[in-house]
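Along the sequence shown, residues are numbered consecutively beginning with 1.
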Amino acid sequence: MNAATQICFRAVEPLPLHHSWPLFERERRFDLGRLLDWPGAAFPATASPLANEEELARLGIGRWECDLDGDRLTWSAGVYDLFGLPRGAPVRRDETVALYIEESRSGMERLRAYAIRHQRGFTFDAQIRPASGGDARWMRLIAAPVCEGGRVTRLHGLKQRL
C-alpha cells in the first residue's frame, strides 16, 4: 500500500447493538430502579424513593415520553432543567433535537429509528447545548419502546446529566 492509498471505514446501518437491547432486558438496563412501570399514564407514582419528580431533578435525572403520533413530548422537571428550558414550557421534538451536538444528534436518531423498527431499547450518551446558553453538557439517554397492537406507539425513558 502506498501513501496515496487509504483504507476508509464508514458507519453502516444498523448501529452496533451494544447500544441497543431487547425489551426483556428492561429491568437490567434501567439501573436507576423501576421508575418506568408504565404503560399507562405519564409518570405514575411508584414505590421507588426516586419517584419524586423534584428529587429526580435535584439528581439531574428526568423522565420523558414521546408519543410517535405527532412526536408529542412529555417531560418531567429534570429534563426541562437538563435542556435549559423553563419547566412546563411547550416543547417540540424538532426544536429539542436541534439542541443536540451534530454527532450526538445523528447517533441518537439512528438508534431511535432502530428502536422503533425492531422494538428494542437503547442507551446512548449524547452531548447537548442547553437552550439557556452555556457550555455543552453530556447526558445519558435511556429509551424503551411502548408497544400496542404489535407496534411501537411511544418511546419513554430517562435522561440523566453526566
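Salt bridge annotation for Asp125-Arg140: present, with a cationic side-chain nitrogen under 4.0 angstrom from a carboxylate oxygen. Look at Glu65 and Arg72 and you find no salt bridge, because none of the NZ, NE, NH1 or NH2 atoms lies under 4.0 Å from a carboxylate O.
Here the CG atom belonging to Leu158 is positioned 9.0 Å from the CG atom belonging to Leu141, to the nearest 0.5 angstrom. One finds the CG atom of Asp67 at 9.5 Å from the CG atom of Leu73 (value rounded to the nearest 0.5 Å). Going from atom CD1 of Ile61 over to atom CZ of Arg161 covers 13.0 Å, rounded to the nearest 0.5 Å. Rounding to the nearest 0.5 Å places CH2 of Trp75 at 7.0 Å from OH of Tyr80. Gln119 CD to Tyr114 OH: the interatomic distance, rounded to the nearest 0.5 Å, is 12.0 Å. Taken from CH2 in Trp138 to CD in Gln127, the straight-line distance is 4.5 Å, to the nearest 0.5 Å.
Remark: Arg58 pairs with Glu55 by the side-chain hydrogen bond (donor to acceptor under 3.5 Å, both in side chains) rule, at least two apart or across chains. A search for salt bridge (Lys or Arg N to Asp or Glu O under 4.0 Å) contacts involving Glu102 returns Arg105, not counting sequence neighbours. In this structure, the side-chain hydrogen bond (donor to acceptor under 3.5 Å, both in side chains) partners of Tyr100, at least two apart in sequence or on a different chain, are Lys159. In this structure Arg137 satisfies the salt bridge (Lys or Arg N to Asp or Glu O under 4.0 Å) test with no other residue, sequence neighbours excluded.
Among residue pairs with one or both ends in residues 79-90, those qualifying as salt bridge (Lys or Arg N to Asp or Glu O under 4.0 Å) are Glu54-Arg87, Asp81-Arg87; sequence neighbours excluded.
Panel note: side chain Ser104, backbone Ala126; no donor-acceptor pair is recorded below 3.5 Å.
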Exercise for review: Might you work through the side chain to side chain contact (heavy atoms under 4.5 Å, CB included) test for Phe124 and Ile142, ending with a clear yes or no?
Suggested key: CA-CA 7 Å; Phe124 185 69; Ile142 303 171; over 6 Å; no
Check your understanding: How far apart are the C-alpha atoms of Leu85 and Val91, what are their side-chain angles, what is the distance that settles it, and do they pass the side chain to side chain contact (heavy atoms under 4.5 Å, CB included) test?
Key -> CA-CA 9 Å; Leu85 292 166; Val91 289; 4.0 Å; yes
Exercise for review: Verify side chain to side chain contact (heavy atoms under 4.5 Å, CB included) between Leu82 and Ile128, making sure each step is shown before the conclusion.
Suggested key: CA-CA 9 Å; Leu82 180 63; Ile128 61 170; 4.1 Å; yes
Practice item. Could you walk me through whether Arg112 and Cys66 pass the side chain to side chain contact (heavy atoms under 4.5 Å, CB included) test, one step at a time? Key: CA-CA 11 Å; Arg112 180 182 190 270; Cys66 181; 3.6 Å; yes
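Taking both residues in full, the closest heavy atoms of Ala115 and Pro145 are given as O-CG, 4.3 Å, listed atom of the first, atom of the second, then distance.
Ile101 belongs to no hydrophobic cluster with other residues, because no ILVMFWY side-chain heavy atom falls under 4.5 Å from its own, directly or through intermediates.
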Show me the donor-acceptor pairs, under 3.5 Å and distance only, between side chains in residues 92-99 and residues at least two apart or in other chains.
from  : atom 1 : to     : atom 2 : distance (Å)
Arg92 : NE     : Asp94  : OD1    : 3.1
Arg92 : NH2    : Asp94  : OD1    : 3.1
Arg92 : NH2    : Asp94  : OD2    : 2.5
Arg93 : NH1    : Glu109 : OE2    : 3.4
Arg93 : NH2    : Glu109 : OE1    : 2.6
Arg93 : NH2    : Glu109 : OE2    : 3.4
Thr96 : OG1    : Arg92  : O      : 3.4
Thr96 : OG1    : Arg93  : O      : 3.1

